Student: 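Dropping the structure in here first, questions after.
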Amino acid sequence: MGKVYLTGAGPGDMELLTIKALRVVKEADIIIYDRLANPKILKEAKNGCEFVYVGKEDGRHTLPQDEINETIYQSALRKDVVVRLKGGDPFVFGRGGEEGSYLKKRGIEFEIIPGVTSAVSVPAYAGIPVTHRGVAVSFKVITGHEAPNKKSSQIDWESLKGDNTIIFLMGLHNLSKISKKLIEIGKPKDFPIAVISRGTTKDQKVVISTLEGVVDAAKGIPTPALIVVGEVVKLREELDWFKV
Ligand code: SAH
């Protein structure tokens with residue numbers, strides 16, 4: 001039986017791949033990868049390495065998660081080095097935990113290789129620090145996949161009132177609902193918000209706006225994109241550095 005490496009591919013910029021991730025990519029007999037993983041990484045694999053695309057966009061999979069789990073498991077039965085390559089970090093909305101426990105139950109050895117998560121690095125490439133002395137002493141990363149007014153929503157919106165920096169992943173299609181909800185819980189209409197699309201890549205686009213204006217401002221921006229809410233957004237005026 002083989003060993004599975006649940007591996008973070010980083011946010012896009014190939015150089016944000018860790019040395020450890022690069023090592024297992026080079027050693028891999030099979031790489032099972034997502035849409036968010038930079039395809040250039042696959043070029044580092046050895047001759048004869050098998051590639052399996054399982055897709056993933058805003059939480060929607062080409063393959064359902066249970067089939068992905070089974071694909072990884074079956075790969076480990078026939079290959080020695082199995083790399084499951086995922087965008088960002090495997091444990092930050094990456095479902096790496098589910099994949100790990102599926103393998104554990106079936107007696108397959110695995111390792112987690114953390115990656116540079118988009119939640120922090122994509123704002124950084126837009127010149128937005130998620131914490132900043134005197135401005136933000138905390139940040140929270142939330143799934144934007146859940147519509148704010150859904151009855152079964154697990155997000156405690158009221159608890160976000162005092163939070164400094166809020167980062168939504170998978171939230172672009174709910175941008176309107178999210179910004180309205182934040183105003184509803186008491187954030188000012190002109191509160192700063194950024195939408196960052198395809199961060200850390202040459203296609204990076206950054207929209208700086210207010211809770212009230214963001215839907216119009218971010219119209220048509222492509223995925224993947226994340227949302228940053230908080231006073232730290234204004235620091236981009238001084239810290240913008242990444243030239244695409
Ligand atoms: N495990 C990943 C997140 C997976 S959820 C990580 O740690 O980064 C997928 C979401 O991540 C997308 O919907 C988007 O909100 C965000 N995302 C990933 N890569 C991104 C990028 N290059 N630019 C902007 N957002 C990105």
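Source: prediction; values computed, not measured. Start at 1 and go down the list; that is how both ligands and their atoms are numbered.
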Student: Heavy atom under 4.0 Å from ligand 1: found in Val122's side chain, backbone, both, or neither?
Tutor: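 The side chain, only.
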
Student: May I ask whether Pro224 has any heavy atom positioned less than 4.0 angstrom from an atom of ligand 1?
Tutor: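 Under 4.0 Å: yes for Pro224.
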
Student: Do the charged groups of Glu27 and Lys46 touch, with an N to O distance under 4.0 Å?
Tutor: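 Judged by the 4.0 Å cut-off on N to carboxylate O distance, Glu27 and Lys46 do not form a salt bridge.
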
Student: For ligand 1, which atoms, with element, lie under 4.0 Å from some heavy atom of Ile196?
Tutor: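 Heavy-atom distances to Ile196 below 4.0 Å select 24 (C).
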
Student: So, regarding Phe168 and ligand 1 (criterion: nitrogen or oxygen to nitrogen or oxygen, under 3.5 Å), is there a contact or not?
Tutor: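 So ligand 1 has no N or O lying under 3.5 Å from an N or O of Phe168.
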
Student: State whether the side chain of Asn174 and the backbone N or O of Gly144 hold a donor-acceptor pair below 3.5 Å, judged by distance alone.
Tutor: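 Side chain of Asn174 to backbone of Gly144, a donor-acceptor pair under 3.5 Å: yes, one is there.
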
Student: Think Arg95 forms a cation-pi with Phe93, using NZ or CZ under 6.0 Å from the six-ring centre and within 45 degrees of its axis?
Tutor: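 No, Arg95 does not lie over the aromatic ring of Phe93.
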
Student: Give the contacting part of Gln204 toward ligand 1: side chain, backbone, both or neither, where contact means a heavy-atom distance below 4.0 Å.
Tutor: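 For Gln204, there is no contact with ligand 1 at all, from either part.
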
Student: Could you name the option among Met170, His173, Lys86 that has the heavy atom nearest to atom 10 (C) of ligand 1?
Tutor: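 Comparing heavy atoms across Met170, His173, Lys86, the nearest one to atom 10 (C) of ligand 1 lies in Met170.
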
Student: Please determine whether a side-chain nitrogen of the Lys or Arg among Arg78 and Glu50 lies less than 4.0 Å from a carboxylate oxygen of the Asp or Glu.
Tutor: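 Yes, this pair counts.
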
Student: Can an N or O of Thr117 be found at a distance shorter than 3.5 Å from an N or O of ligand 1?
Tutor: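 Yes, there is a polar N/O contact under 3.5 Å.
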
Student: Pairs of nitrogen or oxygen atoms closer than 3.5 Å, one from Ala225 and one from ligand 1: do any exist?
Tutor: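 Such a contact does occur with ligand 1.
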
Student: For atom 11 (O) of ligand 1, tell me which residue out of Ser118, Ala37, Ala126, Gly171 has the closest non-hydrogen atom.
Tutor: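 Looking at heavy atoms only, Ser118 sits closest to atom 11 (O) of ligand 1.
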
Student: Any sub-3.5 Å donor-acceptor pair from Asp89's side-chain atoms to Gly115's backbone N or O?
Tutor: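 Confirmed, Asp89 side chain pairs with Gly115 backbone.
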
Student: Ignoring hydrogens, just give me the one of Gly199, Gly96, Gly87, Gly115 whose non-hydrogen atom is nearest atom 21 (C) of ligand 1.
Tutor: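 Comparing heavy atoms across Gly199, Gly96, Gly87, Gly115, the nearest one to atom 21 (C) of ligand 1 lies in Gly199.
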
Student: So, do Phe110 and Tyr5 have ring centers that fall under 6.0 Å from each other?
Tutor: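 No, they do not, as the ring centres are separated by 6.0 Å or more.
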
Student: If you count the non-hydrogen atoms of other residues, nucleotides and ligands that lie under 6.0 Å from NZ in Lys79, is the total more than 12?
Tutor: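 Atom NZ in Lys79 is packed in, count exceeds 12.
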
Student: State which residues pass side-chain contact (heavy atoms from CB on, under 4.5 Å) with Met1; sequence neighbours excluded, sorted by chain then number.
Tutor: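 side-chain contact (heavy atoms from CB on, under 4.5 Å) check on Met1 returns Leu77, Ile108.
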
Student: Give the atoms of ligand 1, by number and element, whose distance to some non-hydrogen atom of Asp89 is under 4.0 Å.
Tutor: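 Close to Asp89: 1 (N), 6 (C), 7 (O).
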
